[in-house]
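I have placed the structure first, in the form of structure tokens, so that the comments after it can refer back to it.
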Amino acid sequence: MGYFEDKTILDWSDGRAFIYRLKRTVKNNWHIRIKRTKGEGYYRKALKTTNKAFAMRMAYDIWIKMLVAEELQVPFGMNGFSTLFARFLKQGGISSKGRRTRIEDTYNNYFSEYFGNIEVMKINDGLFRKYLEWRRDYWTRREQLGGSLPTTYKKVPTYATYHTERQMIMQFLNWCVMKDYLHKAPIISRPEKIDWIKTAIDNDGIGKKQTGVAVPYRELQRIRGKLRHYAYKTVDNSPIRELARLRVYYFCMICYASLLRPTTEMTELKWKHVTIEQSKMNEDAFIGIISHNYGKYKSTKKVTDERKRTAILSYAGVKHLMEWRKQLKRLNRPVGDDNYIFPDYKDDKCESHLMGRTFQLCLKNWGWRKYDDDEGLNMKVGTNITIYSWRHSALTSMIVLGKKDIGTVATQSDTSILQLSKTYYREFMLQGDKDKWANRFAEGARIHLPKTNSGITLRSALEKTGFKIEKI
């Protein structure tokens, strides 16, 4: 051969592998070539040694790994972490724009530096545990070395960070299995199963996963009042910022009134998903029915059920929806059947994390980021209040104020509680007495009716903003 010398065919490779040295090089290291059985060409690798005996031993180790890869029917030498992760980002079927951005940022900041182009076959539970330790000290090391620190960094990662990054790795490894780059995805421990993380959580050393906090009704009313004042009374000439303020207010109100999760269940909502019916209990009360296929995915659901989600707005929720539509019209935003109920400034879908971030910034500005039974709304002690707290608080109000049974609550909120009775309650909710769902915060025959600010009847206000009332 023209560009290498000292070619030595390896006897145990049936003529498929040989080692050699390149001509006209300073290092004079040995290299290996192995002919592939799957596809065309050779696998090549520099052995980084000038000692032939060491080169033979390293070549044999590589040969065994290649045989194992061929036995598992996965490509050898083309499954480096960074190489495959770049393909995963292009072909991985990451549906959410926000999640794609988060995965790309995590890869660029952490994964690429730690894993490099290590073969994905070498990724296992032990390596991931070492990564978590490296990740824990990442910003401390960077600070000690005098590196630049972004304003948003967290010196000590939270439980949610560890949990999310594990999910990203597992999603990537499962994609590798699907694409035949890996025979089987390894079992990787959940963060709470790792001793030092568990100890840190128990000692409040790191933030732990939050299951959500229900804010008492009186305190929630204080937040609601502040949020409405922020939406309507803030002086600002920017229509985009005005849209954002109004949007977060009505997003929270409709989340509370519908029990929809403040995720894709609400961000995917379009006006065609909403139907308005007149109440049978009172001609001045109206029922909003929301139906779409963007409910929370549950592995226990039948394939035919897809992700169907049905929710019924409280009477006050219909009023909030009407007011929000009125504000969108005032801001010259489209409100056709195929338009999103909560649009961004381009009239496209607004990601839920933007609403959550705006809500959290408001709470921080008001000094109400946390709630504690003794201290109330404060910034230091208690559980963090999030945009999910609206849903948790509504569920509590249904039980405490509305006196609804747990089966009714489980069905309306689409939770995993009382799975066996869920189908019966869903049919009952749609075909039975819908007033009992819309009137959820009152007991018995008493009706909780909202009032319009303009003094006109709610029927007139609904019709004026373009809603059609169906008689049942």
Side-chain angles (χ1 to χ4, degrees), residues 80-90 92 94 96-120 122-123 126-173 175 188 191-192 194 196-197 199-201 203-210 238 240-241 244 248 344-346 350-367 369-370 379-380 384-387:
F81 181 89
S82 293
T83 301
L84 293 182
F85 210 94
R87 297 180 191 173
F88 164 68
L89 290 173
K90 291 182 179 179
I94 305 170
S96 167
K97 181 180 177 181
R99 180 166 177 78
R100 173 180 291 278
T101 300
R102 178 76 181 273
I103 292 176
E104 288 176 348
D105 289 345
T106 302
Y107 170 74
N108 292 330
N109 291 332
Y110 311 113
F111 290 169
S112 61
E113 181 177 342
Y114 184 82
F115 293 107
N117 215 28
I118 186 176
E119 295 178 9
V120 292
K122 293 182 178 180
I123 296 177
L127 183 63
F128 184 74
R129 285 171 178 256
K130 291 179 180 178
Y131 163 76
L132 291 181
E133 294 180 10
W134 175 89
R135 176 70 175 87
R136 175 193 62 197
D137 303 326
Y138 178 84
W139 291 109
T140 301
R141 288 193 306 273
R142 187 161 175 173
E143 186 178 36
Q144 291 172 349
L145 294 173
S148 60
L149 301 173
T151 57
T152 56
Y153 88 104
K154 289 185 178 180
K155 189 172 183 179
V156 180
T158 63
Y159 167 87
T161 299
Y162 295 132
H163 176 73
T164 300
E165 292 181 10
R166 175 188 176 274
Q167 283 185 318
M168 293 176 185
I169 289 291
M170 290 306 302
Q171 185 177 354
F172 164 67
L173 293 174
W175 175 85
I188 293 180
E192 63 268 24
I194 299 174
W196 65 266
I197 293 181
T199 301
I201 291 175
N203 296 333
D204 293 327
I206 63 173
K208 55 187 176 181
K209 184 177 181 182
Q210 181 174 304
S238 170
I240 294 178
R241 287 195 289 269
V248 71
D344 63 8
Y345 69 98
K346 294 181 180 179
C350 184
E351 298 290 345
S352 59
H353 69 86
L354 296 177
M355 256 81 74
R357 187 179 305 165
T358 303
F359 181 59
Q360 288 184 17
L361 287 174
C362 287
L363 292 174
K364 287 180 180 179
N365 290 336
W366 304 331
R369 186 67 182 87
K370 297 175 179 289
M379 288 293 290
K380 295 182 179 180
N384 287 341
I385 300 172
T386 68
I387 204 162

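The figures that follow rest on heavy atoms only: side chains count, while hydrogens, waters and symmetry mates do not.
Formation of a donor-acceptor pair under 3.5 Å by the R166 side chain with backbone atoms of I188 is found in this model. A donor-acceptor pair under 3.5 Å is formed between the side chain of N117 and the backbone N or O of T83. Looking only at distances, a side-chain donor or acceptor of R100 sits under 3.5 Å from a matching main-chain atom of L89.
Ring orientation note: the planes of H163 and Y159 are close to parallel, at an angle under 30° on the 30°/60° scale. Ring-plane geometry between F85 and F172 is classed as tilted, the angle between the planes lying from 30 to 60 degrees on a 0 to 90 degree scale.
Note that CG of L132 and CZ of R136 are 9.5 Å apart. Values are rounded to the nearest 0.5 Å. Taking OH of Y107 as the reference point, atom CZ of F81 lies at 7.0 Å (rounded to 0.5 Å). Note that the CD atom of E143 and the CG atom of D137 stand 12.0 Å from one another [nearest 0.5 Å]. Atom CZ in R135 sits 8.5 Å away from atom CZ in F111 (nearest 0.5 Å). Separation of atoms OG1 (T101) and NE2 (H353) is listed at 7.0 Å; rounding is to 0.5 Å.
The side-chain contact (heavy atoms from CB on, under 4.5 Å) search around R102 returns T106, T164, M168, not counting sequence neighbours. The side-chain contact (heavy atoms from CB on, under 4.5 Å) test applied to Y114 returns L127, K130, Y131, W134, not counting sequence neighbours.
Taking each heavy atom of W139 and S148 in turn, the nearest pair found is CZ3-O, 4.4 Å. The heavy-atom pair separating N109 from E113 by the smallest distance is O-OE1, 3.9 Å.
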Would you give me the side-chain donor-acceptor pairs under 3.5 Å for residues 356-367, sequence neighbours excluded?
unit_1	atom_1	unit_2	atom_2	d
T358	OG1	L354	O	2.9
Q360	OE1	R369	NH2	3.3
N365	ND2	L361	O	3.2

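Within the 4.5 Å cutoff, the side chain of I197 has no heavy atoms near those of the E192 side chain.
Between the side chains of R99 and Q167, not a single donor N or O lies within less than 3.5 Å of an accepting N or O.
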